[in-house]
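Working notes, beginning with the structure itself.
The figures here come from the full heavy-atom set of this structure, side chains too, leaving out hydrogens, waters and symmetry mates. Computed from a predicted structure; not experimentally measured. All residue numbers in this chain count up from 1 along the given sequence.
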Amino acid sequence: MHWKTTRRTFSFERPMVMGILNVTPDSFSDGGVFLSLDDAFRRAETMIDEGANIIDIGGESTRPGSERVTAEAEIERVVSVIRALGTRFDIALSIDTSKADVARAAVDSGAEIINDISGLRWDDGVADVAAASGAGLILMHSRGEFETMHSLPTVEDILAEVLSGFKESMEIARHRGVRDEQMVLDIGIGFGKTVVQNLELLAKLDRLVVEFTKFPILVGTSRKSFIGKILGGALPTERLSGSLATVAIAAWSGAKIFRVHDVRETVETIAMVEAIRGQI
């Protein structure tokens, strides 16, 4: 298994860590903290020092209740950060967006991965950008539109729903010229799924790994609300232990990329899982 981006090929000798860098005023865990270029730069530097393989830069919050921003506003938030980090560090930069115009501006500025939470459902032009540039393309499972994705009625069989959603997103990507080796699949923890469904996806992740054996699976559980509910109402900054438990389970089941806030702790957790797996 390998994953090709604009500039490099990842072969997954061990699972990789994607550090979250939100340059938004309203993200659920770190909104408003890294708005200035200096603050964003220092945060990225810290995550790189702690072992991040990818920095995922987002200019639009997708927390429940958030409002859409224009492509122009999103571009203004992310492009200067991408350029600054690309000049200073040799690390893969990802743009967290579902808009083709933002993806294009980010790739032109040095991003080599596009992380689309809609799985190409909201703007299939994102696939055109990936096809033309050779950027890695992360296809996340979600349902509904931006305004409704957290409030839709739940589906009965979440595993079948995710499997079907992946196939639909992959078909769109292929039709637009994206190669299989560019694609990563994200199970979409927390997006329109119940607490039980999030747990079920993690418990049965090995089934999706087997079903999509050629494609790296990404898991993003970091500090999410289902962890807080299980831990008795813990705030986002109090969910580290729960987040790391999910990383350990998902790594054991075959997940290859983890999108996280707490990089050093995640790197150490993965190292322990890999050491134990090495004894099988």
Side-chain angles (χ1 to χ4, degrees), residues 1 3 12 15-18 62-64 96 98 115-122 124 127 136-146 148-175 178 180-231 239 242-260 266 269-270 273 277 280:
M1 177 190 296
W3 181 32
F12 299 105
M16 301 196 311
V17 174
M18 170 186 276
T62 54
R63 65 172 177 79
D96 179 1
S98 56
N115 180 12
D116 181 3
I117 69 160
S118 81
L120 303 176
R121 292 183 304 105
W122 299 342
D124 55 13
L137 179 60
I138 300 171
L139 301 170
M140 195 190 85
H141 173 269
S142 60
R143 299 165 55 229
E145 300 302 317
F146 184 94
T148 63
M149 62 181 169
H150 294 292
S151 58
L152 292 172
T154 57
V155 297
E156 183 175 343
D157 188 337
I158 191 59
L159 203 66
E161 169 68 23
V162 171
L163 189 151
S164 173
F166 280 164
K167 290 182 177 179
E168 290 176 7
S169 293
M170 292 164 65
E171 180 60 29
I172 295 170
R174 287 166 172 157
H175 180 71
V178 181
D180 283 3
E181 62 191 10
Q182 293 174 251
M183 297 185 217
V184 163
L185 305 176
D186 178 350
I187 61 176
I189 291 289
F191 283 80
K193 301 172 179 73
T194 67
V195 171
V196 170
Q197 288 177 334
N198 288 321
L199 297 174
E200 182 182 357
L201 283 173
L202 291 169
K204 299 176 181 178
L205 184 65
D206 57 333
R207 301 186 191 181
L208 291 171
V209 170
V210 170
E211 181 70 26
F212 298 99
T213 186
K214 290 171 50 180
F215 300 90
I217 299 291
L218 185 152
V219 172
T221 54
S222 183
R223 302 184 184 180
K224 289 198 171 174
S225 61
F226 84 103
I227 296 173
K229 291 174 182 176
I230 291 171
L231 300 183
R239 299 171 187 169
S243 298
L244 295 179
T246 64
V247 167
I249 293 292
W252 187 269
S253 297
K256 295 300 184 184
I257 307 172
F258 293 89
R259 184 177 182 273
V260 304
T266 303
T269 298
I270 291 171
V273 171
R277 283 178 63 90
I280 296 176

Checklist line | With sequence neighbours excluded, residues passing side chain to side chain contact (heavy atoms under 4.5 Å, CB included) with Glu211 | finding: Leu163, Lys167

Checklist line | Expected output: side-chain Gln197 to main-chain Val155 donor-acceptor under 3.5 Å | finding: yes

Check: When you measure from the side chain of Asn198 to the backbone N and O of Gly190, does any donor-acceptor pair fall under 3.5 Å?
Finding: yes

Margin query: Just verifying a value: how many Å separate Asp116 CG and Ser169 OG, rounded to the nearest 0.5 Å?
Written below: 8.0 Å

Check: Which distance, rounded to the nearest 0.5 Å, do you find between the CZ of Arg239 and the NZ of Lys224?
Finding: 11.0 Å

Check: How far apart are the C-alpha atoms of Asp96 and Arg259, what are their side-chain angles, what is the distance that settles it, and do they pass the salt bridge (charged side-chain N to carboxylate O under 4.0 Å, His left out) test?
Finding: CA-CA 11 Å; Asp96 179 1; Arg259 184 177 182 273; 3.2 Å; yes

Item checked: Contact check, side chains of Phe166 and His141, non-hydrogen atoms, under 4.5 Å -> yes

Note to self: Counting C-beta onward and ignoring hydrogens, is there a side-chain heavy-atom pair between Leu185 and Leu208 closer than 4.5 Å?
What the structure shows: no

Next item on the list: Identify the heavy atoms of Ala173 and Leu137 that sit nearest to each other, and give their distance.
Entry: CB-CD2, 4.2 Å

Item checked: Exercise: identify the closest heavy-atom pair between Ile117 and Ser142 -> O-OG, 2.8 Å

Check: Does Glu200 reach the side chain of Lys193, with side-chain heavy atoms less than 4.5 Å apart?
Finding: no

Check: Between atom CD1 of Ile187 and atom CG of Leu202, what is the distance when rounded to the nearest 0.5 Å?
Finding: 5.0 Å

Notebook entry, point to check: Hey, does Phe212 have a side-chain heavy atom less than 4.5 Å from the side chain of Met170?
Noted result: yes

Item checked: Heavy-atom pair with the smallest gap, counting every atom of Gly220 and Asp186 -> N-OD1, 4.4 Å

Note to self: Determine whether a donor-acceptor pair (N or O, by modelled atom type, separation under 3.5 Å) exists between the side chain of Arg277 and the backbone of Trp252.
What the structure shows: yes

Note to self: Working to the nearest 0.5 angstrom, can you tell me the gap between Ile257 CD1 and Ile138 CD1?
What the structure shows: 5.5 Å

Notebook entry, point to check: Quick one: CZ on Arg121 to CG on Leu139, what's the gap to the nearest 0.5 Å?
Noted result: 11.5 Å

Check: Quick one: salt bridge (charged side-chain N to carboxylate O under 4.0 Å, His left out) partners of Glu181, sequence neighbours excluded?
Finding: Arg179

Check: Taking C-beta and beyond as the side chain, do Val219 and Thr246 meet within less than 4.5 Å on heavy atoms?
Finding: no

Next item on the list: Apply side chain to side chain contact (heavy atoms under 4.5 Å, CB included) to the pair Leu201 and Leu159, showing each step before the final yes or no.
Entry: CA-CA 7 Å; Leu201 283 173; Leu159 203 66; 3.9 Å; yes

Item checked: side chain to side chain contact (heavy atoms under 4.5 Å, CB included) evaluation trace for His175 with Asp124 -> CA-CA 10 Å; His175 180 71; Asp124 55 13; over 6 Å; no

Next item on the list: Measure the shortest side-chain to side-chain distance between Ser243 and Ile227 over non-hydrogen atoms and say whether it is less than 4.5 angstrom.
Entry: yes

Margin query: Hydrogens and angles aside, do Ser118 and Ser98 bring a side-chain donor and acceptor to less than 3.5 Å of each other?
Written below: no

Margin query: Nearest 0.5 angstrom please: Phe258 CZ to Thr266 OG1, how far?
Written below: 8.5 Å

Check: Got a sec: does the CD1 of Ile249 have more than 12 other heavy atoms crowding it under 6.0 Å?
Finding: no

Checklist line | Minimum heavy-atom distance between Leu205 and Ala255, given as atom pair plus value | finding: CD2-CB, 3.9 Å

Notebook entry, point to check: If you look at every heavy atom in Trp3 and Gly136, which pair is closest and at what distance?
Noted result: NE1-CA, 3.7 Å

Note to self: Which heavy atom of Phe226 sits nearest to which heavy atom of Val195, and what is that distance?
What the structure shows: CB-CG2, 4.0 Å

